[in-house]
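For reference, the structure is listed below as structure tokens.
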There are 2 protein chains.
Amino acid sequence: MENTTMRIGELAAQAGVSVRALRYYEEQGLLTSERSPAGQRYYAEDAADRVRLIQLLYSAGLNSKAVSTIMPCMDSGMASTDMIELLAAERDRIDERLHELTETRDRLTTVIELSRATRRPPARSAGTVPSGGPPGPAAPAR
Amino acid sequence: MENTTMRIGELAAQAGVSVRALRYYEEQGLLTSERSPAGQRYYAEDAADRVRLIQLLYSAGLNSKAVSTIMPCMDSGMASTDMIELLAAERDRIDERLHELTETRDRLTTVIELSRATRRPPARSAGTVPSGGPPGPAAPAR
DNA sequence: TGTCTCTCTGACGTCAACGTCAGAGTCTAC
DNA sequence: GTAGACTCTGACGTTGACGTCAGAGAGACA
């Protein structure tokens with residue numbers, strides 16, 4: 001749509017993924033590209049953001065099909081009632097994983113602190129996250 | 001060590017995993033079992049907890065080797081200096097994933113709220129997680 | 001015009017955590 | 001002592017997101 005001036009290698013570098021991955025995303029219907037008459041792919045500037053969003057959803061445990069289903073909503077900000085249900089279901093799944101991950105991190109932290117304590121005299125404050133309670137329901141950290 | 005009275009099917013049911021998975025864990029050195037003279041596996045009562053811990057570490061993104069490396073520390077609560085470094089590295093990786101997951105969840109929540117808002121008159125309080133609250137699972141590491 | 005780098009389309013390879021199946025042995029109850 | 005449920009050890013199959021390779025075309029530059 002915009003100035004599609006980026007080639008696949010450049011986009012890969014910008015987004016921090018492989019060229020193969022970008023072709024795979026296109027194959028899965030997650031990413032589109034303009035084609036030159038000779039068949040070379042060209043991308044708009046905002047393609048890197050889209051790729052990062054794809055990666056984000058992948059690492060949240062969604063597969064290609066799920067990503068392709070919800071990507072339109074992420075773009076438009078609109079969703080049918082059924083789609084909202086689906087989005088909420090995914091969100092809840094992620095919430096569950098957040099709790100699991102938090103528990104795992106806290107258990108690791110406990111072992112680390114314990115080991116450090118028995119290994120060195122009581123050091124003042126560790127260098128990491130305050131941790132403790134479960135994940136807050138929402139709102140970005142930072 | 002204790003009364004190893006549970007058989008593999010029962011442990012699988014208790015821990016919510018498949019029998020195959022338990023054999024796989026043993027093969028990977030993550031889980032041990034007593035054997036009857038005829039070669040049948042028997043487990044202690046606390047084996048279910050161990051299995052759940054294994055699952056927890058798996059779902060935190062660790063592979064079998066990493067789990068087998070850190071499991072002894074999780075058991076004993078002791079770790080060498082090198083091991084502490086390793087544990088801290090894993091913990092930091094998990095922290096990173098927590099941030100990613102939190103961002104993903106918040107983006108999903110945003111779309112959900114937005115769609116609900118444009119679809120219905122300003123409804124009081126959504127039906128799911130209390131969301132909208134303060135910061136996520138943890139403050140940024142370091 | 002030639003060279004070099006990038007890109008194209010298949011198509012097979014990979015890796016991890018199991019799923020599944022076969023054939024045989026074990027255990028418990030009746 | 002036998003039926004039925006459970007378990008054993010291989011060993012091959014599955015799945016998803018790519019990695020990798022081959023052979024050929026595209027594009028900028030001297």
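Every chain is numbered from 1, with letters handed out A, B, ... down the list of sequences.
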- Query: The side chain of A:A38 lies closest to which of these nucleotides: C:dT26, D:dA26, C:dA17?
  - Reply: D:dA26
- Task: Tell me what B:R41 touches on the nucleic acid: a base, only sugar-phosphate, or nothing, going by heavy atoms under 4.0 Å.
- Result: sugar-phosphate
- Message: Measure CG/A:L31 against P/D:dA17 and give the value in whole Å, please.
- Response: 15 Å
- Note on the structure: Of B:R23 and B:Q28, the one whose nearest nucleotide on DNA chain C sits closer to the 5' end is B:Q28
- Item | Atom pair distance, as rounded to whole Å: CG in A:L57 and P in D:dG16 | 17 Å
- Query: Which nucleotide in the set D:dA17, D:dC18, C:dC27 lies at the smallest distance from any side-chain heavy atom of A:Q55?
  - Reply: D:dC18
- Query: Would you say the side chains of A:Y58 and A:S64 form a donor-acceptor pair under 3.5 Å?
  - Reply: yes
- Item | Nearest-angstrom distance from the residue atom CG of B:N63 to C1' of C:dC18 | 14 Å
- Hey, which sits more toward the 5' end of DNA chain D by its nearest nucleotide, A:Y42 or A:Y24? A:Y24
- Residue B:R35, side-chain heavy atoms: nucleotide from D:dA26, C:dC8, D:dT9 that is nearest: D:dT9
- Taking all non-hydrogen atoms of both residues into account, name the closest pair between B:A60 and B:I94 and its distance. CB-CD1, 4.0 Å
- Message: Does A:D106 form a side chain to side chain contact (heavy atoms under 4.5 Å, CB included) with A:T102? I'd like the steps, not just the answer.
- Response: CA-CA 6 Å; A:D106 290 345; A:T102 303; 3.7 Å; yes
- Item | Interatomic distance, B:E26 CD vs D:dT9 P [rounded to whole Å] | 7 Å
- Message: With no hydrogens and no angle check, just 3.5 Å: does a side-chain donor-acceptor pair link A:Y42 and A:E10?
- Response: no
- Message: Strictly below 4.0 Å: does A:S64 bring a side-chain N or O up to OP1 or OP2 of D:dA17?
- Response: yes
- Query: Is A:Y25 touching bases, backbone alone, or none of the nucleic acid, heavy atoms closer than 4.0 Å?
  - Reply: sugar-phosphate
- Distance in angstrom units between B:L22 CG and D:dC8 C1', rounded: 14 Å
- Note on the structure: Per atom distances to the A:Q40 side chain, the nearest of D:dA26, C:dC18, C:dT26 is D:dA26
- Take the protein atom CD of B:E34 and the nucleotide atom C1' of D:dT7, then report the distance between them rounded to whole Å. 17 Å
- Check each residue of residues 7-21 of chain A for a non-hydrogen atom within less than 4.0 Å of any atom in DNA chain D, then write out the ones that pass by number, or none. A:S18, A:R20, A:A21
- Start with the C-alpha distance between B:R23 and B:E26, add both sets of side-chain angles, then the distance that settles salt bridge (charged side-chain N to carboxylate O under 4.0 Å, His left out), and finish with yes or no. CA-CA 5 Å; B:R23 294 204 193 101; B:E26 185 172 320; over 6 Å; no
- Task: Kindly say whether B:L30 contributes a backbone atom to a donor-acceptor pair with the side chain of B:R50 at under 3.5 angstrom?
- Result: yes
- Query: Between B:S59 and A:R97, is any side-chain donor less than 3.5 angstrom from a side-chain acceptor?
  - Reply: no
